[in-house]
Amino acid sequence: MVHIDTVLLKIASRCNLDCKYCYVYQMGNDGWKYQPKKMNEQTLARIADQLSLLCRIQKKAISVVFHGGEPLLVGSDRFESMCRILRAALPKDCSLYLQTNGVLLSEKIIATCSLYDVGISISIDGPTDTNDQNRVDLRGRGSHSRVLDGIRRLVGSSHGRTLFTGVLAVIDPTSDPIRTYEFLKSTGAPSIDFLYRDGNHDVLPFGKASPNSLEFGKWMSDLLDYYLVDEMPTPVRVLDDMIKLQIGGTSRKEGIGTSEYGILVIETDGTLTKNDTLKSASRLADKFDQASALATENLQDFLSSKEFLEYHLSQKPVSPTCQACSYLTICGGGMPTHRFSNEHGLSNPSIFCADQKHLIDRIKWHLSRRKLAA
Amino acid sequence: MDSAKQQPDDKQPEQHLEAEADVVLDSVTLNRLFAEVRNGAPVVLGAYNRVHNRHNR
């Protein structure tokens, strides 16, 4: 039985920003157009019941992440109702999280998150010039000042600091990693997540010249060098995970290491889809053959189905190159969508393979220069 | 920040560097990570952490 760890709940299918690299809207997949704009409460209530049953059966808690699009487009009243429904249905040790661009993070939303114990993660790419290169609204205007206002409301509220889980930044390899890191620290975020740009072997990520180029690996290595001498660091979780894997620990974040990670993605209309970042691969890459509407079907049956089990296994790196690679236990093969090609499906190394090796080598160098015993 | 990037030696077989009990390093981050690995549970400073969010997008 696949243990589900995380449920990505796309409560809104639209977004109030128009980020240029977005895997949902900018990479050729128009599935969002066929989704209702907001998840209705009846659909959510049925989902909540199914998730509650899932937790009882697997005897493990889950994290439910309000996602999208921009989840706060459901409005503050419906958001409050959704939190209430989920908290009433789920076991107490389940977590709720909100992944938001921060623009609509009002005092009322923050109060709701406080009442229902919802952790808040905010997407922002760095200082104004870095962020506003790509994170623009539907009129092409930069979003930075509005996002920062949301962050300030959060950290300024009485419970905000305990709810703030961190910031999430997509790497611009032409930017200064130190300046980016220092800015993200200055937001007061307790942790920082960095993501590579989405792309694959057929459509290279923006900023990557070739599969063998090292723009992202060098960016991360420069960040690593600074991070390890920073006397007041803010945890950078992807680096922490990779370092811990080198020193006998385990990873947490999706796409790093070889830990099991059961994730469910539920669309706004209640249907289950595959890993939603696969939208950047092809139009149907995130769709199951069997149209499974969680609103009407039994989740347990679906999780036990051959199709789901095959999909779950396909999330692991399957290419012979990865299987034979000495870096696999740390790299983990990266995010599945980065391994895609039309020719070989997911059976490729990551498009960031060279970058990952570069970064892992740099981590090893840092550890070995400190003469740490093996 | 090191200004001269040294290249690693020949690629060694994968090694896991064990977290020794009394290692004190010249890095706040490395000290924290070694402590987390030794203690077997992540110490997440200030971050909301009931079931630590793992999603990465």
Side-chain angles (χ1 to χ4, degrees), chain A residues 5-6 8 23 61-63 65 67 93-95 97 99 117 119-121 161-166 178 190-191 193 195 222 225-233 235 240 243-244 246-249 252-255 261 263 276-277 326-327 329 335 361 364-370 372-374, chain B:
Chain A
D5 180 291
T6 300
L8 224 66
Y23 68 89
I62 59 174
S63 291
V65 184
H67 209 270
D93 56 349
C94 290
S95 302
Y97 290 100
Q99 184 65 53
D117 201 12
I120 301 171
S121 175
R161 285 199 178 270
T162 61
L163 296 174
F164 196 4
T165 72
I178 314 309
S191 71
D193 289 330
L195 300 183
D222 286 349
D225 290 347
Y226 185 79
Y227 179 53
L228 292 185
V229 299
D230 187 358
E231 293 183 0
M232 294 190 66
D240 288 354
I243 294 168
K244 284 164 83 168
Q246 266 294 97
I247 61 174
R252 278 280 187 178
K253 295 301 287 187
E254 180 183 13
Y261 183 49
I263 180 170
D276 58 326
T277 59
S326 62
Y327 294 78
T329 54
M335 295 290 280
D361 283 342
K364 289 179 181 177
W365 179 81
H366 274 289
L367 294 172
S368 68
R369 72 179 277 272
R370 289 167 171 85
L372 290 164
Chain B
M1 179 176 167
D2 292 323
S3 57
K5 285 187 186 283
Q6 295 186 20
Q7 293 303 310
D9 293 332
D10 296 339
K11 286 193 168 51
Q12 296 294 320
E14 186 69 25
Q15 290 179 336
H16 287 291
L17 302 171
E18 294 302 319
E20 295 188 356
D22 55 354
V23 170
V24 177
L25 302 163
D26 61 343
S27 167
V28 171
T29 290
L30 287 179
N31 279 319
R32 171 175 61 84
L33 295 176
F34 270 97
E36 287 177 13
V37 172
R38 272 201 308 275
N39 296 339
V43 175
V44 184
L45 301 175
Y48 181 85
N49 185 26
R50 185 83 54 79
V51 176
H52 190 143
N53 65 322
R54 298 180 67 187
H55 73 282
N56 208 17
R57 90 286 249 133

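Keep in mind it's a predicted model, so treat the numbers as computed, not measured. Residue numbers begin at 1 in each chain, while the letters A, B, ... track the order of the sequences.
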Margin query: How long is the straight-line distance from CG of A/Asp240 back to CZ of B/Arg32, given to the nearest 0.5 Å?
Written below: 4.0 Å

Margin query: Once rounded to the nearest 0.5 Å, what's the spacing between atom CZ of B/Phe34 and atom CD1 of A/Ile243?
Written below: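 Going from CZ on B/Phe34 over to CD1 on A/Ile243, the span is 9.0 Å.
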
Item checked: Verdict with supporting geometry, B/Leu30 and A/Leu228, side-chain contact (heavy atoms from CB on, under 4.5 Å) -> CA-CA 7 Å; B/Leu30 287 179; A/Leu228 292 185; 4.0 Å; yes

Note to self: Minimum heavy-atom separation for B/Asp26 and A/Arg370, please, with both atom names.
What the structure shows: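 Shortest heavy-atom separation between B/Asp26 and A/Arg370 comes out as OD1-NE, 2.6 Å.
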
